[in-house]
Amino acid sequence: MNPSPLLDIIDTPQDLRCLEKKQLPQVAAELREFLLDSVGKTGGHFASNLGAVELTVALHYVYDTPEDHLVWDVGHQSYPHKILTGRKNQMHTMRQYGGLAGFPKRSESEYDAFGVGHSSTSIGAALGMAVADKQLGNNRRSVAIIGDGAMTAGQAFEALNCAGDMDVDLLVILNDNEMSISPNVGALPKYLASNVVRDMHGLLSTIKAQSSKVLDKLPGAMELAQKVENKIKTLAGEAEHAKQSLSLFENFGFRYTGPVDGHNVENLVDVLKDLRGRKGPQLLHVITKKGNGYKFAENDPVKYHAVSKLPSEVPAPEVKPAAAKPTYTQVFGQWLCDQAAADERLVAITPAMREGSGLVEFEQRFPDRYFDVGIAEQHAVTFAGGLACEGIKPVVAIYSTFLQRAYDQLVHDVALQNLPVLFAIDRAGIVGADGPTHAGLYDLSFLRCVPNMIIAAPSDENECRLLLSTCYQANSPSAVRYPRGTGTGATVSDGLETVEIGKGIIRREGEKIAIIAFGSMVAPSLTAADKLNATVADMRFVKPIDEELIVRLARSHDYIVTAEENAEQGGAGSAVLEVLAKHGICKPVLLLGVEDKVTEHGDPKKLLDDLGLSAEAIEKRIAGWIKAV
């Protein structure tokens with residue numbers, strides 16, 4: 001007879017803590033099953049959540065959340081946390097407009113101690129909370145849960161360096177699954193993997209499997225064997241710890257515990273109870289398997305890092321549409337390979353985004369010219385600057401939202417030295433389900449003020465290839481920013497042609513109204529212009545901007561409209577205003593961009609319509625504005 005479901009009676013962690021410890025494996029099994037069903041229907045981050053089920057259950061069982069602070073790094077593994085903290089019945093809305101966010105969000109729940117979307121912030125945030133509680137006299141505990149992939153970032157080590165020298169109670173849990181989105185790179189993962197206990201886990205599992213047929217026939221034998229297994233793991237960990245003069249983390253001032261099996265929930269509870277009572281900085285090393293409990297995700301954690309929906313148990317053969325439009329990412333990936341074949345100086349750099357940035361084929365064809373530097377955006381940019389100093393031509397493939405993390409390096413280590421580094425900026429503009437933490441809405445604004453920068457915004461797939469080739473040939477820092485997904489379906493050239501830097505092109509001739517459009521806003525502007533009989537200029541470049549074209553349009557039209565998928569403040573529209581002011585031209589100007597507010601997550605078309613940037617919304621806004629002025 002199957003035991004009664006336990007997850008049904010858990011609405012909050014307080015309900016979880018009313019259970020006996022021996023019931024927690026059942027809770028974890030039910031939670032994993034619920035997660036499989038939920039994400040299977042809605043899509044979302046997947047494999048990392050499966051790997052964190054037992055750890056999440058143990059944390060909420062031991063710690064007095066929300067009084068105690070659980071700070072999740074990135075948030076890819078926060079779905080089990082959401083299910084256990086009162087949001088189980090809302091999981092069907094995950095990453096949908098008006099529904100649950102795909103990451104921890106303070107305004108969503110009191111259990112979300114810190115909002116997050118970028119990696120490697122958990123230790124610093126949890127340290128801040130621990131220090132604040134100490135100063136306020138609160139008897140709370142702060143826990144940072146960080147993956148080994150996120151631990152490769154400099155910010156994580158900055159926080160470790162600070163925390164290890166402070167008299168503060170802080171627990172850092174290193175969730176080690178040997179993965180970020182792609183397999184981890186660099187020296188740190190090799191250091192973690194060198195621990196002999198990782199091999200002992202496999203040995204113990206083998207012994208346990210071979211012995212189970214005998215042990216399960218002896219009363220109490222399996223329970224005794226489990227205790228012996230846990231003791232061996234503890235002794236092995238202590239022996240390895242003693243063999244090393246000092247672990248990496250102890251040199252940072254943390255007391256190291258582990259590694260421990262991250263899928264043994266009862267043992268995790270015992271370890272966490274012990275650690276909760278300790279003073280000072282503590283680090284717990286937990287070994288988990290990304291995708292645990294779902295064989296497809298276990299075998300291919302890269303593919304199943306995030307999914308749109310789950311396949312059936314026996315997946316049907318993948319059928320791709322014969323005439324499917326290439327995404328901008330695919331256009332970039334193909335251009336990169338073609339340009340590399342034509343120029344041996346080209347190298348590609350990514351901060352742990354091989355698949356997302358379209359670099360899989362490049363790595364296969366040019367492995368000696370491919371550099372994944374881990375989750376280290378700052379280093380990626382400075383590394384590119386060093387390469388450029390010696391005549392290499394670096395292309396940094398990076399999301400708009402992640403480039404924000406390397407702004408100082410872009411300014412000091414590339415732009416001020418006028419080094420020819422090309423930034424291929426993916427995910428510019430609205431990104432959809434990932435929401436505001438991943439939206440690329442600020443790059444035009446923060447790049448425009450940087451000296452020596454060339455900034456290009458392609459209006460379709462072929463323009464993307466043209467502008468990549470153009471900026472690559474420039475002897476200065478440059479950026480080509482393009483949106484997520486597909487474009488208009490333009491036929492893409494297979495050549496490496498270039499266009500004149502700083503010159504736009506008229507896409508439609510009209511009367512009275514001139515729409516000066518940038519990048520992804522050219523297509524909807526053209527649709528709106530058909531109803532308004534407006535002129536549409538595809539500016540191609542935000543910097544240097546085509547002053548001659550802007551002045552000519554301003555003098556030949558009664559109304560000027562700018563359109564961009566970027567923040568209005570300091571963006572491309574502001575650049576047009578600066579040109580008009582410089583030339584003493586006073587005309588009515590309407591800036592269409594993203595207003596000064598945090599955007600939501602959801603379907604991109606819905607979001608663009610709400611922001612007034614769909615074709616229909618642009619037409620209505622312009623018509624209403626003209627009537628008002």
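Computed from a predicted model, the values in this text were never measured in an experiment.
- Taking CG from Leu422 and OG from Ser478, the interatomic distance works out to 4.0 Å, rounded to the nearest 0.5 Å.
- At least one side-chain heavy atom of Asp460 sits less than 4.5 Å from a side-chain heavy atom of Glu463.
- Applying the 6.0 Å contact sphere to NZ of Lys503 captures more than 12 heavy atoms from other residues, nucleotides or ligands.
- Side-chain atoms of Asp538 never come within 3.5 Å of backbone atoms of Arg507 as a donor-acceptor pair (strictly under, hydrogens ignored).
- Counting heavy atoms from C-beta outward, Val116 and Asp73 have side chains that stay 4.5 Å or more apart.
- Side chain of Glu461 to backbone of Ala490: a donor-acceptor contact under 3.5 angstrom is found.
- Looking only at side-chain heavy atoms (C-beta outward), Val414 and Asn452 stay at 4.5 Å or farther from each other.
- Residues Phe541 and Val499 have side chains in contact (heavy-atom distance under 4.5 Å, counting atoms from C-beta outward).
- Using a distance-only test at 3.5 Å, with no hydrogens or angles considered, a donor-acceptor pair links the side chain of Ser48 to the main chain of His76.
- Side-chain polar atoms of Thr288 and Asn175 form a donor-acceptor pair below 3.5 angstrom.
- Contact annotation: the side chain of Ile501 approaches that of Ile454 to within less than 4.5 Å [non-hydrogen atoms, C-beta and beyond].
- Between Thr562 and Gly573, the closest heavy-atom pair is OG1-CA, 3.5 Å.
- Residues satisfying the side chain to side chain donor-acceptor pair (under 3.5 Å) criterion with Arg365, sequence neighbours excluded, are Glu361.
- The shortest side-chain heavy-atom distance between Asp610 and Tyr97 falls under the 4.5 Å cut-off.
- Contacts of Asp530 classified as salt bridge (Lys or Arg N to Asp or Glu O under 4.0 Å), with partners at least two apart in sequence or in another chain: Arg508.
- When side chains are defined from C-beta on, Pro477 does not count as touching Leu419, because their heavy atoms never get closer than 4.5 Å.
- Here the CG-CZ distance, from Asp426 to Phe402, works out to 10.5 Å after rounding to the nearest 0.5 Å.
- Atom CG of Leu553 and atom CG of Leu549 lie 4.5 Å apart (nearest 0.5 Å).
- The backbone N or O of Tyr472 lies less than 3.5 Å from a partner atom in the side chain of Lys393, making a donor-acceptor pair.
- In terms of modelled atom types and a separation under 3.5 Å, the side chain of Thr437 and the main chain of Gly117 share no donor-acceptor contact.
- The ring pair (Phe, Tyr, Trp, His ring centres under 6.0 Å) search around Tyr370 returns none, not counting sequence neighbours.
- In this structure, the separation between CG on Leu608 and CE on Met521 is 5.5 Å, given to the nearest 0.5 Å.
- No donor-acceptor distance shorter than 3.5 angstrom exists from the side chain of Asn566 to the backbone of Gly571, with no hydrogens or angles considered.
- In terms of the salt bridge (Lys or Arg N to Asp or Glu O under 4.0 Å) criterion, Glu564 has no residue partners (sequence neighbours excluded).
- Checking side-chain atoms of Thr152 against main-chain N and O of Gly149 turns up a donor-acceptor pair under 3.5 Å.
- Between the side chains of Asp338 and Gln334, at least one donor N or O sits under 3.5 Å from an acceptor N or O.
- Residues meeting the side chain to side chain donor-acceptor pair (under 3.5 Å) test with Asp546, sequence neighbours left out: none.
- Among residues two or more places apart in sequence or in another chain, the salt bridge (Lys or Arg N to Asp or Glu O under 4.0 Å) test is passed with Asp443 by Arg481.
- Sequence neighbours left out, not one pair with a member in residues 482-501 passes ring-ring contact (aromatic ring centres under 6.0 Å, His included).
- In terms of the ring pair (Phe, Tyr, Trp, His ring centres under 6.0 Å) criterion, Tyr442 has no residue partners (sequence neighbours excluded).
- For the pair Trp335 and Arg465, the tightest heavy-atom approach, listed with the atom from each and the gap, is CA-NH1, 3.5 Å.
- Under a 4.0 Å N-O distance rule, the pair Asp343/Arg345 qualifies as a salt bridge.
- Residues Arg354 and Phe362 form no side-chain contact, since every pair of their non-hydrogen atoms from C-beta on lies 4.5 Å or further apart.
- Nearest approach of Ala415 to Val450, heavy atoms of both residues: CB-CG1, 3.3 Å.
- Not a single side chain to side chain donor-acceptor pair (under 3.5 Å) links Arg621 to another residue, sequence neighbours left out.
- Checked by atom type and distance alone, the side chain of Thr486 never pairs as donor or acceptor with a backbone atom of Lys325 at under 3.5 Å.
- Residues forming a salt bridge (Lys or Arg N to Asp or Glu O under 4.0 Å) with Asp408 (at least two apart in sequence, or on another chain): none.
- A donor-acceptor pair is defined here as one N or O able to donate and one able to accept, closer than 3.5 Å; such a pair exists between the side chain of Ser445 and the backbone of Gln569.
- Within the structure, ring-ring contact (aromatic ring centres under 6.0 Å, His included) contacts touching residues 403-432 (residues at least two apart or in different chains) are Tyr407-Phe446.
- For the pair Asp372 (side chain) and Met353 (backbone), a donor-acceptor distance under 3.5 Å is absent.
- One distance of note links NE2 of His583 with CD of Glu548; it measures 9.5 Å at 0.5 Å rounding.
- Ion pairing of Arg95 with Asp434 is present here, as a side-chain N (NZ or NE/NH1/NH2) and a carboxylate O approach within less than 4.0 Å.
- Taken from CG in Leu359 to OG1 in Thr329, the straight-line distance is 9.5 Å, to the nearest 0.5 Å.
- Applying the ring pair (Phe, Tyr, Trp, His ring centres under 6.0 Å) criterion to His557, with sequence neighbours excluded, gives no partner residue.
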